[in-house]
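To start, the structure under review is shown below, and the notes come after it.
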Amino acid sequence: MVDLVVRSRRVVTPEGERPAAVLVEDGKIAAVLPYGAEAAAAEDADLGDMALLPGLVDTHVHVNEPGRTEWEGFATATRAAAAGGVTTIIDMPLNSLPPTVDTGALKIKKAAAAGQCHVDVGFWGGAIPGNAGDLPGLHEAGVFGFKAFLADSGVPEFPPVDAGQLAGAMNAADALFVIHAEDPDHLAEAASSAAYADFLASRPPDAEHAAVATAIAVARAAGRRVHILHLSAASALPLIAAARADGVRVTAETCPHYLTLDAADIPDGATEFKCCPPIRDTANADRLWEALADGLITCVVSDHSPCTPDLKRRDTGDFAAAWGGIASVQLGLPVIWTAAAQRGHTLADVVKWMARRPADLVGLRSKGRIAVGADADLVAFEPDEEFVVDAHALHHRNPVTPYAGKRLRGVVRRTWLRGRTVTGDEAGGIFLARGN
Ligand SMILES: [Zn+2]
C-alpha cells in the first residue's frame, strides 16, 4: 500500500511524454508503472488526458523578506509559486534587508521564512565588495552559489563588483557564481520619460555583451563555473558559445518576458514591463528561442521581482524612476507553454527548460524530474485550456504584472509537494541546502 498514485496519459518524464502511473511513498517517487497498473494506495488520482509534470524549479526569485516584505514575502511568493506549478524556488540575496551576504544574514532570512513557505526554498548568497572572506562560510551554510552584479543593483546595500572584485570572490570560494551581466560603462542615465523606447535606448545590447565577456574572462582565469542570469541580448550568445567550446564552464538562462514580449508593443507609461536588462524586439526574441532549442541557453526562470505599485510609478508612468522588476512566478508555465506550443515545442521541452535544467544548475538531483527516487513534486496541468490573466487573482502580494489581460494556454489544476497537495492553505515547504 503506497500513499498516492497519480495516473495520466501524458506523464512528462526525462525520456519524454507517455501514459504512466506514478507511485508515491514517503514523499518520494517509488515507481513509474504503466498507466493501468494495479496499485493499492491511500489516494488514486486519475488525470486522464490532463498532463502530469514534475514541479518546476525556479532558481531566480526575489522574495524581499525581511525588510521589504511589502514588496513580496515568503507566504505570498511561495503560494503564488505553488499555484503556478513551481515547487522549488531559490531566493535571490538582495532586496531583502539585510541582503544575504554573510551567515548572520542567512540566519535572519531563514528565521523570517520559517513556517510560511508553501514550496521548498533554497537560498543564493551575494558577493559584494569586501565580503570575499564571508563567502566560504556562507557556502558551507548551504547557499547554492553567489550572485554578483556588474552594474548598479538598484539597492544601495548590494553594490556591484568590478572585474577585480569578482575575481577575488571567485578565488575565495569554490562555488557557482551567477552574474547580473550589464556593464555600467555602456549604460546611460535614462531621462524621465513615459516612452519605453527611451528606457530601452539607455540599456543597449552592448552593455550585456561587454559584461558577459567580463564574466567569462574572470571565470576562465579563476577556473570557476559561471552562470549568466536573465540574458536578454541575443548578441551575447556567440560569446557564450565560443567560451563553452573553449572549455569554460559557462551557462545562461533567460526569462519568459524576454521570450514572449515585444518592446514595440509596450504602451507609454506601462512600467509593469520595466526590467533590467530590458525587453527587446521580436527578432532578438527569435534568437533566444533558437538558443533554447539548441541548448546554448539552458533554462527559463522567472526573475520574479515585484515591488509596490507606487515604486513601480503606476501613477506617473515614468520608466526612469520606476523599479525594474517583473512579477511572474505564478505565470511562467502558461506564458512559456503558450509561446512554445506556437513555435512547435513540446511539453517535454518546457519541463526540461523550467524544471530539470534549473534543478541541475544548482545540483538538486531529487527535484525537477519524474523519476524513481526523486521527490514527488508533481503538477496536474491542463495543457489545452485557456484563461485570461486577472492580476488581482494572482497570489503574489502586489497585483502588478505585464501579463494582465493576456490570454494564455495551460492551467495548473493541482500541485503536490513531496506527495502532499500544496495548492491550499498548508505551508509545508522546507529549506533546501546545497548538497542535499
Ligand atoms: Zn533578479
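For ligands, and for the atoms within them, numbers begin at 1 and follow the listed sequence. The first residue of the sequence shown is numbered 1, and numbering continues consecutively from there.
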Any carboxylate oxygen within less than 4.0 angstrom of a Lys/Arg side-chain nitrogen, looking at Glu272 and Lys406? no
State which residues pass salt bridge (Lys or Arg N to Asp or Glu O under 4.0 Å) with Asp294; sequence neighbours excluded, sorted by chain then number. none
Between Trp71 and His62, does the ring centroid distance fall short of 6.0 Å? no
What pairs of donor and acceptor atoms, side-chain ones from residues 81-94 against any protein atom, are under 3.5 angstrom apart with sequence neighbours left out?
| from | atom 1 | to | atom 2 | distance (Å) |
| --- | --- | --- | --- | --- |
| Asp91 | OD1 | Val63 | N | 3.1 |
| Asp91 | OD2 | Lys109 | NZ | 2.5 |

Scanning both residues in full, the closest heavy-atom pair of Pro129 with Gln165 reads CB-NE2, 3.6 Å
Which atoms of the protein, restricted to N, O or S, are nearer than 2.8 Å to the Zn ion (ligand 1)? His60 NE2, His62 NE2, Asp303 OD1
Does anything in residues 148-194 form a ring-ring contact (aromatic ring centres under 6.0 Å, His included)? List the pairs, not counting sequence neighbours. Phe146-Phe177, Phe149-Phe158, Phe149-His180, His180-His230
